[in-house]
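Below: one structure, written as structure tokens.
Keep in mind the model is a prediction, meaning the values are calculated, not measured. Residue numbers start from 1 in every chain, and the chains themselves are labelled A, B, ... in the order their sequence lines are given, proteins ahead of strands.
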Amino acid sequence: MKQEKFYITTAIDYVNAYPHLGHLYEKVCADIIARWNRLVGRDVYFLTGTDENAAKNERAAKEAGLEVKEFIDRNAKRFQELCKAFNISNDDFIRTTEERHRKVSQLIFTKMFENGDIYKSSYSGLYCYGCEEYKTEKDLADGKCPEHGTEPEHIEEECYFFRLSKYEKPVLELIERNQFIIPEKRKQEIVARIKAEGLKDLAVSRSRISWGVNVPFDPKHKIYVWVDALVNYVSALGYPDGEKYRKYWPADVHLIGKGINWFHSVIWPAILLSCGIPLPKHVLVHGYITIGGEKLSKSRGTSVDPFKLLEKYEVDAVRYFLARDIPFFEDGDFTEKALVERVNGELVGNIGNFIHRTLTLIWNLYGGQVPEPRNYEKDEECLKLVESIRRLPRVMREKLENYEIDRALKEVADFAIQCNRFLQAKEPWRTRDPDALFICVNSVRTLAIVLQPYLPSSSEKIWKLLNLEGLPEDYGWNSAGELAVKPGHRIGRPEIVFRKI
RNA sequence: AGCGGGGUGGGCUAGCCAGGUCUAUGCCGCAGGGCUCAUAACCCUGAGAUCGGUCGUUCAAAUCGACCCCCCGCUACCA
């Protein structure tokens with residue numbers, strides 16, 4: 001049987017600043033989805049990267065006193081380090097300044113042109129010479145550029161347009177087909193907007209800037225950054241004839257923040273249609289993180305440096321918080337207080353403590369050897385927990401297939417509570433009841449597997465403490481529902497997995 | 001302004017689509033108790049909400065409808 005493939009991408013990040021918590025959030029979510037899909041046996045390809053061709057980089061570099069390339073390299077490196085530091089399992093990291101990308105970007109542009117979807121016309125708008133970009137009404141304060149305090153000039157220039165209007169019908173059909181955009185409310189936003197405003201042709205080249213990818217047949221023009229950026233999803237696979245492209249395209253999931261939905265759900269499909277490239281299956285839109293109730297904003301200082309967090313907290317503590325506390329489809333708030341409470345109360349106090357008390361009980365009562373159960377099949381409480389072990393991967397799977405990653409993790413926390421209650425009720429330290437501990441140690445194994453996508457390194461640690469062969473991921477998701485730790489098995493010396501912060 | 005989402009005990013939250021089993025779920029916090037295998041952990045009990053407001057549909061509404069008040073999101077280059 002052919003293994004099912006699964007290609008997931010994140011948005012690529014602007015490199016005009018260092019990564020913040022929002023960037024991390026998206027990567028962690030993508031990582032969880034990717035790891036989970038691997039665990040259920042799919043052949044996963046996970047891509048992330050950086051968007052480096054924006055003209056804005058030039059300005060940001062100047063402010064930092066660096067050459068553009070130097071500036072971009074420095075920041076891009078930081079994003080790559082972010083992935084490493086937080087255990088993100090991306091298979092590739094594309095930078096849009098790489099040759100492999102630029103040539104595909106140009107190829108796509110050429111294809112659109114050859115298909116008659118690109119034409120030359122003139123674009124007029126309010127241009128700020130300071131920013132070197134066009135401004136819309138709402139960008140301005142009192143008719144002036146908020147940054148330079150000057151009034152932008154009304155100018156007109158030649159540029160290339162993409163016949164986006166031509167694709168209004170097919171794009172609308174695509175979106176209205178169920179589940180292209182997840183969740184539903186993001187779909188409604190887009191559908192409403194297309195129906196209300198229709199699709200207008202889009203200016204896809206800029207001539208007043210010096211940083212960017214040249215329009216191949218007219219190098220005075222640069223390719224509009226968004227067109228260039230979107231192409232990363234195929235360029236990274238080696239479009240048009242790369243092996244990975246043939247294997248993994250179309251994407252199963254483009255994971256993005258809600259602010260760039262339009263580009264992914266409307267413009268990107270239109271570009272692909274123009275080039276005759278198959279369309280992605282889903283655009284998955286997550287919410288934003290707020291900091292203490294405020295929007296992330298570099299200028300207002302409401303930004304959290306993920307690397308700073310690592311100085312105080314462990315990777316898995318942060319991952320746990322992000323996955324559990326931020327409702328995936330909504331905005332969620334970050335505060336250190338909430339992080340500490342969630343981790344101490346739930347991850348450490350509930351999940352971690354259950355693991356630890358189970359392991360130490362086996363160690364102290366049975367010398368580290370899993371006891372032979374007597375007749376748990378006849379005990380109602382035991383059967384209930386066994387049933388929960390079987391159920392947990394099932395219910396989590398339902399949630400995860402719908403990308404409810406926060407809710408799926410809540411199931412884990414609830415399961416741990418149930419385990420603690422069970423232990424409390426059974427009091428094996430007093431009754432010496434081997435059945436209870438036999439089931440508990442299996443619950444620990446279940447936890448190790450179901451936590452693997454969320455907390456990969458802790459999961460491995462639990463696995464080692466159980467002294468089991470290989471790694472949790474070798475056994476697959478469904479194995480989480482089994483009682484696979486056998487009587488007589490020797491566990492390792494108990495150690496604390498999750499420490500209070 | 002238009003379109004969309006939401007307002008549930010001190011905080012967060014489930015339930016709402018398919019009305020009754022909701023005398024409303026869970027977590028945090030708070031008060032009391034238990035236990036002591038465990039990372040002052042875990043377990044139990046309790047206080048605390050007429051489910052934003054008004055009106056309506058119905059035998060029955062947190063759940064459906066209308067109107068009103070408040071919050072938030074989207075409206076072409078911000079994860």
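Following rounding to the nearest Å, A:Ile491 (CD1) and B:rC37 (C1') show an atom-to-atom distance of 13 Å. The distance between atom CG of A:Asn350 and atom C1' of B:rC42, rounded to the nearest whole Å, is 8 Å. Atom CZ of A:Phe329 is separated from atom P of B:rC74 by 17 Å (rounded to the nearest Å). In this structure, OH of A:Tyr366 is placed 12 Å from C1' of B:rC37, rounded to the nearest angstrom. Straight-line distance from the OH atom of A:Tyr14 to the C1' atom of B:rA79: 11 Å, rounded to whole Å. Taking atom OH of residue A:Tyr288 and atom P of nucleotide B:rG73, one finds them 11 Å apart after rounding to whole Å. Between A:Glu330 atom CD and B:rC74 atom P there is a gap of 13 Å when expressed in whole angstrom units. The CG atom of A:Asp325 sits 12 Å away from the P atom of B:rC12 (whole-angstrom rounding).
Taking the six-membered ring for Trp and the full ring otherwise, A:Phe334 and A:Phe321 have centroids separated by under 6.0 Å. Ring pair A:His254/A:Tyr233: centre-to-centre distance below 6.0 Å. The aromatic ring centres of A:Tyr376 and A:Phe438 sit less than 6.0 Å apart. A:His286 and A:Phe329 have their aromatic ring centers separated by at least 6.0 angstrom.
Side chains of A:Arg357 and A:Asn420: a donor on one and an acceptor on the other come within 3.5 Å. Side-chain contact, A:Tyr14 with A:Asn57: no donor N or O sits under 3.5 Å from an acceptor N or O.
Among the heavy atoms of the strands lying under 4.0 Å from A:Ile260 are primed sugar atoms or P, OP1, OP2 only; no base atom is included. Using a 4.0 Å heavy-atom criterion, one finds that A:Gly349 contacts the sugar-phosphate atoms exclusively. Heavy atoms of A:Val266 sit nowhere under 4.0 angstrom from any nucleic acid atom. Counting any heavy atom pair closer than 4.0 Å across all strands shown, A:Gly332 reaches no nucleic acid atom. Across all strands shown, A:Arg430 has no heavy atoms under 4.0 Å from either base or sugar-phosphate atoms. Among the atoms of the strands shown, only primed sugar atoms or phosphate atoms (P, OP1, OP2) are found under 4.0 Å from some heavy atom of A:Ile417.
Which of B:rC43, B:rA76, B:rA79 sits closest to the side chain of A:Gln424 comes down to B:rC43. Side-chain proximity of A:Arg357 to B:rC78, B:rC42, B:rG73: nearest is B:rC42.
Checking the phosphate oxygens (OP1, OP2) of B:rC78, no side-chain nitrogen or oxygen of A:Lys258 falls inside 4.0 Å. Between B:rC12 and A:Arg324, no contact under 4.0 Å exists linking OP1 or OP2 to a side-chain N or O. The side chain of A:Arg421 places an N or O atom within less than 4.0 Å of a non-bridging phosphate oxygen (OP1 or OP2) of B:rC44.
Looking at A:Glu336 and A:Lys312, a side-chain N of the basic residue comes within less than 4.0 Å of a carboxylate O on the acidic one, giving a salt bridge.
The backbone N or O of A:Cys440 sits nowhere less than 3.5 Å from a side-chain atom of A:Thr358 that would complete a donor-acceptor pair.
Both A:Asp201 and A:Val348 sit near RNA chain B, but only A:Val348 has its closest nucleotide nearer the 5' end. Two residues, A:Glu341 and A:Trp429, neighbour RNA chain B, and the one matched to the more 5' nucleotide by heavy-atom proximity is A:Glu341.
Base pairing in RNA chain B gives the following stems of 3 or more Watson-Crick or G-U pairs, range against range and under 3.5 Å: B:1-7 with B:69-75, B:10-12 with B:26-28, B:30-34 with B:42-46, B:52-56 with B:64-68.
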